[in-house]
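Structure first, commentary second.
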Amino acid sequence: MTHEEHHAAKTLGIGKAIAVLTSGGDAQGMNAAVRAVVRVGIFTGARVFFVHEGYQGLVDGGDNIKEATWESVSMMLQLLSSLKIHGQKFNMQYLVKALPRC
């Protein structure tokens, strides 16, 4: 990637917003997908938001919608892998609740 292409990629999301919410079921690879959406969104200049409480949180708004940061997903894969190793069952609804309400 050239310097110009790198700069262009970093500005693609300026003025745009992305909402991240899940429907709550277990799905292999969703942890990495949520983290990737947040990080690519932030990298490209978009504002990224977590929607707590699924679709109801999107409808209700207020404290259910919080802006995501790079740090809010920095330990996501390690934390959730650790929970799986120790046999604790969780789903994406738990994941979204566990993310910080910045």
Side-chain angles (χ1 to χ4, degrees):
M1 179 179 277
T2 68
H3 177 70
E4 291 80 18
E5 291 171 330
H6 187 265
H7 178 68
K10 288 184 77 170
T11 60
L12 285 173
I14 293 176
K16 297 181 178 140
I18 300 168
V20 178
L21 67 118
T22 67
S23 60
D26 289 340
Q28 189 173 11
M30 280 302 294
N31 304 333
V34 167
R35 182 176 129 169
V37 166
V38 170
R39 289 196 165 178
V40 169
I42 291 170
F43 176 81
T44 60
R47 294 180 69 194
V48 183
F49 295 89
F50 292 125
V51 179
H52 297 266
E53 307 300 331
Y55 294 107
Q56 191 61 50
L58 188 61
V59 171
D60 294 344
D63 288 338
N64 290 316
I65 301 174
K66 296 294 180 184
E67 192 157 4
T69 65
W70 191 273
E71 294 79 22
S72 63
V73 294
S74 64
M75 291 297 292
M76 175 186 280
L77 298 181
Q78 294 84 348
L79 170 66
L80 296 174
S81 292
S82 174
L83 288 173
K84 284 183 183 177
I85 289 169
H86 291 94
Q88 296 181 16
K89 182 170 171 44
F90 65 93
N91 61 33
M92 287 303 295
Q93 196 67 12
Y94 166 80
L95 164 66
V96 174
K97 285 181 182 179
L99 292 170
R101 291 183 177 249
C102 307

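These numbers were taken from a predicted model, which means no experiment stands behind them.
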Distance-minimising heavy-atom pair for [X] and [Y]:
{"X": "V51", "Y": "A19", "result": "CG2-CB, 4.0 Å"}
{"X": "V38", "Y": "A68", "result": "CG1-CB, 4.0 Å"}
{"X": "V73", "Y": "R35", "result": "O-CD, 3.5 Å"}

Q | Residues that E4 engages under side-chain contact (heavy atoms from CB on, under 4.5 Å), provided they are two or more places apart | A |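 For E4 the side-chain contact (heavy atoms from CB on, under 4.5 Å) partners, ignoring immediate neighbours, are T2.
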Atom pairs and distances, side-chain donor-acceptor, residues 40-50, under 3.5 Å, sequence neighbours left out:
| unit_1 | atom_1 | unit_2 | atom_2 | d |
| --- | --- | --- | --- | --- |
| T44 | OG1 | V40 | O | 3.1 |
| T44 | OG1 | G41 | O | 3.0 |
| R47 | NE | E67 | OE2 | 3.3 |
| R47 | NH2 | E67 | OE1 | 3.0 |

Q: Measure the CG-CD1 distance between L58 and I65 for me, rounded to the nearest 0.5 Å.
A: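 These two atoms lie 5.5 Å from each other.
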Q. Listed by chain and number, what are the ring pair (Phe, Tyr, Trp, His ring centres under 6.0 Å) partners of Y55, not counting sequence neighbours?
A.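 Ring pair (Phe, Tyr, Trp, His ring centres under 6.0 Å) check on Y55 returns nothing, list empty.
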Q.
Considering only residues two or more places apart or on different chains, which pairs with a residue in residues 9-20 satisfy side-chain hydrogen bond (donor to acceptor under 3.5 Å, both in side chains)?
A.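 Qualifying pairs: none.
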Q) Can you get from L12 to V37 by hopping between Ile, Leu, Val, Met, Phe, Trp and Tyr side chains that sit under 4.5 Å apart? A)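 No, because L12 and V37 fall into different hydrophobic clusters, even though each may have its own neighbours under 4.5 Å.
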(Q) Could you work out, with side chain to side chain donor-acceptor pair (under 3.5 Å) as the rule, every residue matching R39, not counting sequence neighbours? (A)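 With sequence neighbours excluded, R39 shows a side chain to side chain donor-acceptor pair (under 3.5 Å) to no residue whatsoever.
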